[in-house]
Amino acid sequence: MVASIVVASLLSPGASLARPLFPSPLLFQVAPARPEIARAQQQISDGDFEEAVKTLEAGLDAPDVTDDQLVELYRLLGLTSLYLGDEARAREAYEMLLQARPDYELPRTAPPKIRTLYARIKEDIKNRRVRPVTLQVDPIPDAEGGTPVMAEATIQDMALGARARLFYRRAGAQAYSSVDFTRDRANKERFIATIPAYELPATASAYEVEYYFEVADAAQRRLAGRGDAFNPLVFQIAPEPGTVATSSERPWYKSPWLWVAVGAVAVAGTAGAVVYATSEERGRVPITIRVNP
């Protein structure tokens with residue numbers, strides 16, 4: 001009964017308790033499922049808020065957490081913290097959420113108290129009273145085998161104890177290797193990471209290398225990144241000189257320069273994506289592709 005009263009107090013006076021507490025995820029928030037998310041949702045629905053906090057913290061401590069999963073874990077942690085009356089902890093959770101997804105918007109069904117707190121946090125970030133970690137990095141271009149590959153990044157407001165790394169693996173391999181970014185002594189916001197030449201041997205045929213960037217705090221929780229273990233970026237290693245190069249098999253959507261183009265239109269497309277994704281009704285647009293022989 002106490003749990004029901006707390007939940008009801010966070011909802012608007014005219015809101016119906018029959019409204020689903022966890023609406024369907026937005027189109028751009030779909031991610032590989034984590035059991036901690038579903039478990040925490042059930043615990044919150046049952047009023048087991050303290051157990052839900054433990055579940056969510058375990059999910060945040062798990063390896064290979066994607067940005068989409070971070071968003072949902074921090075969203076639920078903020079929601080649960082408010083149910084427990086801990087606004088400071090809820091604020092911290094939403095600040096971390098905005099580091100993972102700066103353009104994130106709460107669902108329209110979120111309780112008014114949560115939306116008010118979230119709006120204040122976004123305003124603080126806009127006015128720089130809160131300074132989330134920001135990562136700016138260009139995609140790695142195609143390279144020659146047997147030579148090191150260097151990546152440069154601009155990282156602002158990186159907290160004490162945080163760590164920036166470049167993860168990489170040859171396409172088809174199971175595990176990622178990683179190298180740390182090191183700070184440029186002349187520019188404290190400029191960082192460099194280098195994949196050693198022996199990790200990128202020259203071969204008779206071209207091959208792809210999958211990679212992603214990540215900034216994590218001292219507890220190894222992801223603060224910012226580009227790509228992730230499930231959705232890596234890709235660059236290609238050219239074949240050895242003197243060999244007959246075969247045509248690239250890389251699909252058009254894996255081109256690193258497509259990522260640059262997508263980034264250029266992301267700001268313009270965010271508002272439209274949010275409006276579309278948060279609308280109550282969704283339609284289907286039929287697409288017909290004809291191929292002339």
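A quick note: this is a predicted structure, and the numbers were derived from the prediction, not measured.
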Heavy-atom side-chain proximity of [X] to [Y] below 4.5 angstrom:
X: Leu79; Y: Phe49; value: no
X: Tyr118; Y: Leu98; value: yes
X: Ile195; Y: Tyr211; value: no

TODO: Check the hydrophobic clustering (I, L, V, M, F, W, Y; side-chain heavy atoms under 4.5 Å; chains of links allowed) and say if Met150 and Phe235 are grouped together.
DONE: no
Task: Within one Ile-Leu-Val-Met-Phe-Trp-Tyr cluster: Leu233 and Tyr207, side-chain cutoff 4.5 Å - done: yes
Open item on the list: Could you walk me through whether Leu60 and Leu77 satisfy the side chain to side chain contact (heavy atoms under 4.5 Å, CB included) test, starting with their C-alpha distance in whole Å, then the side-chain angles of each, then the deciding distance to 0.1 Å, before giving a yes or no?
Closed with: CA-CA 10 Å; Leu60 290 168; Leu77 184 58; 4.1 Å; yes
Task: Glu57 and Lys54 ion-paired at < 4.0 Å - done: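 Salt bridge: no.
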- [ ] Ignoring hydrogens and angles, tell me if any N or O in the side chain of Arg226 forms a donor-acceptor pair with the backbone of Leu135 under 3.5 Å.
- [x] yes
- [ ] Return yes if some donor-acceptor pair links the side-chain N/O of Asp46 with the main-chain N/O of Asp48 below 3.5 Å, else return no.
- [x]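 No; judged by distance alone, with no hydrogens or angles, the pair does not exist.
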TODO: Any chance you could lay out the side chain to side chain contact (heavy atoms under 4.5 Å, CB included) test for Val137 and Leu166, step after step, and finish with the verdict?
DONE: CA-CA 11 Å; Val137 61; Leu166 165 59; over 6 Å; no
If you take all heavy atoms of [X] and [Y], which pair is closest and at what distance?
X: Ala153; Y: Phe181; answer: CB-CE2, 3.8 Å
X: Glu199; Y: Ser177; answer: OE2-OG, 4.2 Å
X: Ala52; Y: Ala40; answer: CB-O, 4.1 Å
X: Ala90; Y: Ser81; answer: N-CB, 3.6 Å
X: Ile237; Y: Glu144; answer: CG2-C, 4.1 Å
X: Gln41; Y: Leu76; answer: CG-CD1, 3.9 Å

Task: Matching residue for Thr55 among Arg39, Glu36, Gln43 - test: side-chain hydrogen bond (donor to acceptor under 3.5 Å, both in side chains) - done: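 The single option meeting the side-chain hydrogen bond (donor to acceptor under 3.5 Å, both in side chains) with Thr55 is Gln43.
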Task: side chain to side chain donor-acceptor pair (under 3.5 Å) involving Arg222 - partner list, sequence neighbours excluded - done: Asp67, Glu214
For the atom pair [atom1] ([X]) and [atom2] ([Y]), what is the distance rounded to the nearest 0.5 Å?
X: Glu210; Y: Asn231; atom1: CD; atom2: CG; value: 10.5 Å
X: Glu72; Y: Gln69; atom1: CD; atom2: CD; value: 10.0 Å
X: Asp142; Y: Glu208; atom1: CG; atom2: CD; value: 8.5 Å
X: Gln136; Y: Ile155; atom1: CD; atom2: CD1; value: 10.0 Å
X: Asp86; Y: Leu84; atom1: CG; atom2: CG; value: 7.5 Å
X: Tyr94; Y: Glu87; atom1: OH; atom2: CD; value: 10.5 Å

- [ ] Enumerate the residue pairs fulfilling side-chain hydrogen bond (donor to acceptor under 3.5 Å, both in side chains) with a member in residues 186-197, sequence neighbours excluded, ordered by first and then second residue.
- [x] Glu152-Arg190, Gln156-Glu189, Asp184-Arg190
Open item on the list: Applying the salt bridge (Lys or Arg N to Asp or Glu O under 4.0 Å) criterion to Glu105, which one of Arg115, Arg75, Lys122 satisfies it?
Closed with: Lys122
Task: CA sep, side-chain torsions, deciding dist, call: Leu73, Ile37, side chain to side chain contact (heavy atoms under 4.5 Å, CB included) - done: CA-CA 6 Å; Leu73 288 166; Ile37 293 176; 3.7 Å; yes
TODO: Starting from Tyr176, walk the hydrophobic network (Ile, Leu, Val, Met, Phe, Trp, Tyr; side-chain heavy atoms closer than 4.5 Å) and list everyone else you reach, by chain and number.
DONE: Phe167, Tyr212
Task: side chain to side chain contact (heavy atoms under 4.5 Å, CB included) between Val179 and Tyr168, worked out - done: CA-CA 9 Å; Val179 291; Tyr168 63 92; 4.0 Å; yes
